[in-house]
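Numbered from 1 within each chain, the chains take letters A, B, ... in sequence-line order.
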Protein chains: 2
Amino acid sequence: MQEIAQVLDFIVEIEKLKDVTRKTRPVGLDRYENSAEHSWHVCLAALMLKDYADDAIDIDRVIRMLLIHDLGEIDAGDKIIYASETAAQKECEAAGVRRLLEMLPNGRGTEYLRLWEEFEAGETADARFARAVDRVPPLLHNLHGGGHSWREHRVPKERVLELNSRIGLGSRALWEEMETRLRGAVEDGLLK
Amino acid sequence: MQEIAQVLDFIVEIEKLKDVTRKTRPVGLDRYENSAEHSWHVCLAALMLKDYADDAIDIDRVIRMLLIHDLGEIDAGDKIIYASETAAQKECEAAGVRRLLEMLPNGRGTEYLRLWEEFEAGETADARFARAVDRVPPLLHNLHGGGHSWREHRVPKERVLELNSRIGLGSRALWEEMETRLRGAVEDGLLK
């Protein structure tokens, strides 16, 4: 097969991410979000928040990471963050990402597999910032949407505050703002 | 208001792009696509197709363009490409993009407004390539989906071939492949 036809096959295959349903509803919408529109949202959010990263980051690498960060869910499905970080889920997502990126010609997928692994490991400045931004929209969905996902999944306030404090590993200013909002939600009884 | 709070307001406001419905269905899905998931799809498609650009491009600028290219639809709505390129629709989209980008602090939106205008004008190498890639998914949706959108909107084959030939302004190889597929669809009676 021609190279470019292989890339087009990949482009068709990744459409399946539009059918992966997440656990929160976008602000103002009645339906749940899908992982493809979420991926767009966090890329643009990262671009507009880049000046608040604490360490020097390469925003274009961050955006590439975020473009591919959820591809593993095509095979593995989406899990709520508060239950997703198990070894089995991670391995299933890694296998899915490998399957997709191997569709690309001439081993071109390898660099993106490395980038996905870097995002998952969360150790570099780029990955820490990408992971920080990735946490923001679901919190905004809950804060502007009656805490629907926290309630549906019975996530206690301690867990929400603890897990999302990782936002501070990428941007202290962003976590300061989000923590203030979360503590406000606790006071308002939205987050219990 | 704090700067970062203004950025978060922008991040919430642009969620409305997830509620803008386009005119084609993603491959394998029964529902119509929305402009947010489309935006993700074209960004990742551009990244994977970058080596087929005819002119030297800055792929990171192309991706930024594609992240924001449909923001105008939040206020203006989506129009099918075959009817969208009117002065009134363009002005309505431009006003919508300005409204959104002016939400950002310190005039930070200005550079993105320029980038959006560059995409719309389609004259630079980056814009030509971004516009070429933007045309590909709806064609794939039709080619893999019984030509549903061509049929629903009674778009004749001559118009499909003519309008999409602009793909060749960004990538001759990509247009060659897509034109072959479209001519195949004409032979199969999918495109009339």
Side-chain angles (χ1 to χ4, degrees), chain A residues 2-5 7-8 10-19 26-29 31 33-45 47-49 51-52 58-61 63-64 66-68 70-71 104 106 108-109 112 133 136-137 140-141 143-144 171 173-174 176-178 180-181, chain B residues 2-5 7-8 10-19 26-29 31 33-45 47-49 51-52 58-61 63-64 66-68 70-71 104 106 108-109 112 133 136-137 140-141 143-144 171 173-174 176-178 180-181:
Chain A
Q2 246 194 304
E3 256 189 45
I4 204 162
V7 180
L8 291 171
F10 172 84
I11 290 170
V12 169
E13 182 67 15
I14 62 170
E15 291 232 278
K16 293 178 178 166
L17 197 61
K18 300 172 186 172
D19 204 28
V27 178
L29 296 191
R31 60 169 180 82
E33 189 180 42
N34 72 60
S35 294
E37 61 196 356
H38 159 73
S39 296
W40 164 74
H41 198 208
V42 288
C43 285
L44 193 43
L47 184 59
M48 297 310 175
L49 288 166
D51 297 340
Y52 307 103
D58 178 340
I59 184 62
D60 298 309
R61 286 188 84 243
I63 289 172
R64 288 179 190 207
L66 288 169
L67 282 175
I68 61 170
D70 272 345
L71 283 181
L104 294 166
N106 307 327
R108 212 182 288 168
Y112 299 102
V133 174
V136 171
L140 293 173
H141 295 170
L143 289 165
H144 289 262
S171 168
L174 186 57
E176 196 176 294
E177 176 68 22
M178 295 311 296
T180 302
R181 294 183 184 204
Chain B
Q2 246 194 304
E3 254 189 49
I4 205 163
V7 181
L8 291 171
F10 173 83
I11 290 170
V12 169
E13 182 67 14
I14 62 171
E15 291 232 278
K16 292 178 179 166
L17 198 61
K18 299 173 185 171
D19 204 29
V27 178
L29 297 191
R31 61 171 178 80
E33 190 180 41
N34 72 61
S35 294
E37 61 196 356
H38 159 74
S39 295
W40 163 75
H41 198 209
V42 288
C43 285
L44 193 43
L47 184 60
M48 297 311 175
L49 288 166
D51 298 340
Y52 307 103
D58 177 341
I59 183 62
D60 298 309
R61 286 189 85 243
I63 290 172
R64 289 177 188 207
L66 288 169
L67 282 176
I68 60 171
D70 272 345
L71 283 182
L104 294 166
N106 307 327
R108 212 182 288 168
Y112 299 102
V133 175
V136 171
L140 293 172
H141 295 169
L143 289 165
H144 290 262
S171 167
L174 185 56
E176 196 176 294
E177 176 68 21
M178 295 310 296
T180 302
R181 293 183 186 204

Locate the shortest heavy-atom distance separating [X] from [Y]; write the atom from each residue and the value.
X       : Y        : answer
B:Trp40 : A:Ala36  : CB-O, 3.3 Å
A:Cys43 : B:Leu67  : CB-CD2, 3.6 Å
B:Met48 : A:Arg108 : O-NH1, 3.5 Å

Between chain B and each of [options], count heavy-atom pairs under 4.5 Å; write down the option with the most.
options                               : value
A:His41, A:Glu177, A:Lys16            : A:His41
A:Leu8, A:Leu140, A:Leu174            : A:Leu8
A:Asp19, A:Ile59, A:Leu47, A:Val12    : A:Leu47
A:Arg31, A:Glu176, A:Met178, A:His144 : A:Arg31

Does any heavy atom of chain B fall under 4.5 Å from the side chain of [X], the backbone, both, or neither of them?
X       : answer
A:Ile11 : both
A:Ile4  : both
A:Val7  : side chain

B:Val27/A:Glu13 under side-chain contact (heavy atoms from CB on, under 4.5 Å): CA gap, chis, key distance, verdict: CA-CA 8 Å; B:Val27 178; A:Glu13 182 67 15; over 6 Å; no
Quick check on [X] against chain A: is it the side chain, the backbone, both or neither that has a heavy atom closer than 4.5 Å?
X        : value
B:Glu33  : side chain
B:Leu104 : side chain
B:Leu143 : neither

Polar contact flag, side-chain donor to acceptor under 3.5 angstrom, A:His38-B:Glu37: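 Result is no, nothing qualifies.
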Side chains of A:Asp60 and B:Arg64 in contact at under 4.5 Å (non-hydrogen atoms):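 Sidechains of B:Arg64 and A:Asp60: in contact.
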Between CG on residue A:Asn34 and CG on residue B:Leu29, distance to nearest 0.5 Å: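 These two atoms lie 9.0 Å from each other.
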